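Since the structure comes first, as structure tokens, the remarks are kept for the end.
This structure is a prediction, so every number in the text was calculated from the model and none was measured. Proteins come first, then strands; the chains are lettered A, B, ... in the order of their sequence lines, and each starts at number 1. The basis for the numbers below is simple: all heavy atoms, side chains too, and nothing from hydrogens, waters or symmetry mates.
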Amino acid sequence: MLLVRVATVSREVAATSSRSRKKALLAGLFREAEPADVPVVIPYLAGRLPQGRLGVGWKTLRGPVPAADGASLSVLETDRVLTALKAVSGPGSQAERVRLVTGLMSRATEEEQAFLIALLTGEVRQGALDAAAADGLAEASGAAPDDVRRAVMLAGGLAPVAEALLAEGPGALERFRLTVGRPVLPMLAQSAASAAEAVERLGGAAAVEEKLDGIRVQVHRDGDEIRIHTRTLDDITDRLPEVVAAARELGGERLILDGEVIALDEDGRPRPFQETAGRIGSRADVATAARAVPVSPVFFDVLHVDGRDLMDLPFTERHAELARLVPGPRRVRRAVVDGPGGAAEAERFLAATLERGHEGVVVKALDTPYSAGRRGAGWLKVKPVHTLDLVVLAAEWGSGRRSGKLSNLHLGARTADGGFAMLGKTFKGMTDELLRWQTERLQELAVEQHSWGVTVRPELVVEIAYDGLQRSTRYPAGVALRFARVLRYREDKPAAEADTVETLLAAHPAVAP
DNA sequence: TTCCGACAGTGGGGTCGCAAT
DNA sequence: ATTGCGACCCCACTATCGGAA
């Protein structure tokens with residue numbers, strides 16, 4: 001198959017807002033693909049590279065390359081070049097990457113170039129990715145959409161399912177079963193404003209579990225063989241020797257466990273997320289990193305035990321197995337609440353959890369199965385929200401559906417000398433109406449136009465929600481906001497009454513520099 | 001007919017490893 | 001030794017389509 005077919009279909013998918021039309025377009029091309037093309041075409045149309053990321057980003061792709069006149073590049077030739085690109089390393093590798101990319105681009109038409117750039121940067125914004133591709137695959141193969149999605153989730157990706165389905169038909173789906181050693185997409189949680197609201201929404205008995213601010217892991221044990229995967233299924237086994245050792249101490253020979261890895265102090269209090277993340281990101285000298293910042297696994301779910309799949313069982317039953325296999329200190333603390341006092345009890349558990357230094361809680365329905373790969377309504381996370389009144393210092397032009405709108409705000413707090421210190425940026429929490437309004441308002445306040453946006457007179461006050469402070473080397477106060485989002489503008493409030501760096505630091509003494 | 005679940009898009013800060021400077 | 005890029009951790013929120021109610 002020629003690359004131009006994929007590029008054209010991607011453009012057509014992007015052009016329609018109808019999801020059923022997107023699905024039909026994807027299905028059409030899936031049917032058209034030869035068996036040899038399938039492992040490449042399927043990921044391409046889901047906006048992914050079969051090789052994963054290649055070490056090529058915007059900067060590497062910046063040089064414009066004259067486009068080819070006619071479409072001659074095949075999907076498989078493209079894939080061969082990108083496989084070669086992935087293998088490049090060592091001194092001179094950057095020049096070699098540029099050489100390979102330039103060679104590929106020079107053989108591509110303008111439309112193909114645009115698609116390749118989007119693919120390489122991971123920004124194929126066609127309004128249809130994993131879920132749409134799975135549905136398209138179902139339509140193309142005649143399999144039931146739910147069965148395809150389940151197989152994709154169990155396989156950890158679309159490509160193997162697509163190959164089997166298109167070669168053998170719907171019967172091939174039976175092969176995709178939960179397998180120890182093969183990671184499954186983890187279940188995610190929705191958000192709730194309070195523990196009481198979460199209990200209310202679940203309507204009935206619920207488990208309230210502490211939410212640890214670490215790295216999500218899925219641990220597979222097959223006898224002495226241990227594998228550890230992240231939320232995106234990356235294998236990080238080699239970075240976590242102490243977690244491997246801990247997993248060997250558990251009950252059961254063949255297990256799949258879900259949990260969090262976190263750095264704790266001697267007294268069991270959590271260290272800042274930045275320390276856990278730095279430790280788990282360290283690959284070069286694991287032994288040294290592990291001595292400096294040891295981490296612990298803490299589990300909250302189990303998907304498989306010694307030949308029995310537990311994913312479809314109610315949480316209560318899965319947790320009973322977990323308690324049998326994993327000792328208390330290696331399990332997340334929890335309380336089961338029920339009845340009229342349940343909401344209040346959940347709030348008390350949340351308060352106690354925060355007191356111990358943790359991030360919040362996850363409230364879980366007791367009767368729901370493990371919805372792998374989904375943001376299930378049976379898990380609701382609750383974290384405390386802080387707010388500040390900050391001053392807009394600048395705003396950046398948005399992209400995509402926000403083109404032509406001032407979107408990303410630079411946020412400042414007042415300083416002792418009467419100026420403002422930037423604490424971070426945010427683009428979150430804005431409705432289309434608010435984007436329109438702030439674009440107009442900020443243009444009125446603009447003192448300087450840049451290619452990236454505008455700087456403004458520091459007069460507009462905006463109420464910001466955030467999850468906490470983190471240390472920063474980038475911002476002048478030495479701290480930055482974590483997960484900042486807009487709640488509302490405070491036109492009633494002059495900038496002179498906005499919050500100060502001093503009060504912010506006082507509110508987060510543990511993080512203050 | 002209205003409601004709501006699921007997806008995709010729009011980007012945020014930090015940290016590490018690696019290559020280039 | 002420092003700097004810049006890319007990958008990958010953490011992530012919140014809104015708009016929209018289409019099936020559920």
Side-chain angles (χ1 to χ4, degrees), chain A residues 13-14 16-23 47 52-62 88-97 120-135 145 149 188-191 213-217 230-234 236 239 260-261 272-285 289 359 371 373-377 381 383 385 396 398-403 405 407-411 423-435 464-475 479-487:
Chain A
V13 168
T16 176
S17 67
S18 160
R19 285 174 199 161
S20 42
R21 177 80 186 129
K22 288 177 192 287
K23 182 174 68 173
R53 301 311 309 267
L54 302 179
V56 173
W58 278 109
K59 274 292 183 314
T60 309
L61 294 166
R62 133 192 74 178
V88 172
S89 70
S93 60
Q94 190 53 26
E96 177 64 6
R97 278 195 200 93
L120 288 164
T121 55
E123 299 196 350
V124 175
R125 295 187 174 181
Q126 57 185 19
L129 296 173
D130 296 345
D135 282 354
R149 285 189 187 215
L188 306 175
Q190 298 181 8
S191 294
D213 195 8
I215 304 287
R216 181 84 176 265
V217 289
T230 65
R231 199 162 86 93
T232 52
L233 310 189
D234 267 25
I236 54 169
R239 302 181 215 168
E260 195 87 1
V261 167
F273 174 75
Q274 282 167 299
E275 291 187 27
T276 294
R279 159 61 209 280
I280 293 175
S282 298
R283 285 156 285 180
D285 184 354
E359 192 185 11
S371 309
R374 318 198 80 129
R375 205 166 275 286
K381 61 179 162 185
K383 296 187 283 184
V385 174
E396 299 175 15
S399 64
R401 71 187 302 282
R402 291 193 180 188
S403 291
K405 297 285 191 301
S407 171
N408 200 6
L409 306 177
H410 297 198
L411 304 167
L423 295 171
K425 309 179 188 179
T426 186
F427 57 91
K428 294 172 181 163
M430 297 154 188
T431 62
D432 288 356
E433 171 58 27
L434 189 76
L435 281 163
I464 295 293
Y466 66 106
D467 276 22
L469 274 194
Q470 51 193 342
R471 294 245 179 190
S472 174
T473 55
R474 172 188 316 230
Y475 291 113
V479 294
L481 302 178
R482 194 170 180 203
F483 310 143
R485 60 267 191 190
V486 169
L487 291 180

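Here the P atom of nucleotide B:dA6 and the CG atom of A:D135 are 13 Å apart, to the nearest Å. When the P atom of C:dC13 is taken as reference, atom CE of A:M430 falls 12 Å away, rounded to whole Å. Nucleotide B:dC7 holds its P atom 16 Å from the CD atom of A:Q126, rounded to whole Å. Taking atom CZ on A:R239 and atom P on B:dT15, their separation rounds to 16 Å, with Å as the unit. Taking atom CZ of A:R149 as the reference point, atom P of B:dC7 lies 5 Å away to the nearest angstrom. Here C:dG18 presents its C1' atom at 10 Å from NZ of A:K23, a figure rounded to the nearest Å.
For the pair A:R401 and A:D432, the salt-bridge criterion is met [side-chain N within less than 4.0 Å of a carboxylate O]. Here A:R239 does not pair with A:D234 in a salt bridge; the nearest charged N to carboxylate O distance is not below 4.0 Å. Between A:D130 and A:R149, no side-chain nitrogen of the basic residue sits less than 4.0 Å from a carboxylate oxygen of the acidic one, so the salt-bridge criterion is not met.
For the 3.5 Å distance criterion, the side chains of A:S18 and A:T16 fail to qualify, holding no donor opposite an acceptor.
Among B:dG13, B:dC7, C:dC9, the nucleotide with an atom closest to any side-chain atom of A:T230 is C:dC9. The A:F427 side chain lies nearest to B:dG12 when the options are B:dG12, C:dC10, C:dC8. Among the nucleotides B:dG17, B:dT10, C:dC8, the one closest to any side-chain atom of A:R401 is B:dT10. Closest to the side chain of A:D467, out of B:dG11, C:dA12, B:dG13, is C:dA12. Listed candidates were B:dA6, B:dG11, C:dA12. Nearest to the side chain of A:N408 is B:dG11. Nearest nucleotide to the A:R125 side chain, out of C:dC9, C:dG6, B:dG9: B:dG9. For A:T60, the side-chain atoms get nearest to C:dG6 when compared with the rest of C:dC8, C:dG6, C:dA15. Closest to the side chain of A:L129, from the set B:dA6, B:dG9, B:dT10, is B:dG9. For A:F273, counting side-chain heavy atoms from C-beta on, the closest listed nucleotide (C:dC10, B:dC7, B:dG17) is C:dC10.
One donor-acceptor pair, N or O on each side, does fall under 3.5 Å between the base of C:dT16 and the side chain of A:R19.
Applying the 4.0 Å criterion to OP1 and OP2 of B:dT15, one finds that A:S282 has every side-chain N and O outside that range. Of the side-chain N and O atoms in A:S18, one or more sit less than 4.0 angstrom from OP1 or OP2 of C:dG18. For B:dC16, neither phosphate oxygen OP1 nor OP2 lies less than 4.0 angstrom from any side-chain nitrogen or oxygen of A:R283. Side-chain nitrogen and oxygen atoms of A:R374 include none within less than 4.0 Å of the OP1 or OP2 phosphate oxygen of B:dG5. Remark: A:S399 is in phosphate contact with B:dG11, judged by side-chain N or O atoms under 4.0 Å from OP1 or OP2. Between A:R231 and C:dC10 there is a side-chain N or O to OP1 or OP2 distance below 4.0 Å. For the pair A:T232 and C:dC9, the criterion of a side-chain N or O lying under 4.0 Å from OP1 or OP2 is met. OP1 or OP2 of B:dT15 sits under 4.0 Å from a side-chain N or O of A:Q274.
Pair assignment for B:dC7 gives none, since no Watson-Crick or G-U wobble pairing has each distance under 3.5 Å.
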>> The test is side chain to side chain donor-acceptor pair (under 3.5 Å); show your working for A:R97 and A:T60 and say whether it passes.
In response: CA-CA 8 Å; A:R97 278 195 200 93; A:T60 309; over 6 Å; no

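Backbone-only engagement by A:L54 is indicated by non-hydrogen atom pairs under 4.0 Å involving sugar-phosphate atoms exclusively. At a threshold of 4.0 angstrom between heavy atoms, the contacts of A:K59 are confined to the sugar-phosphate backbone, with no base atom among them.
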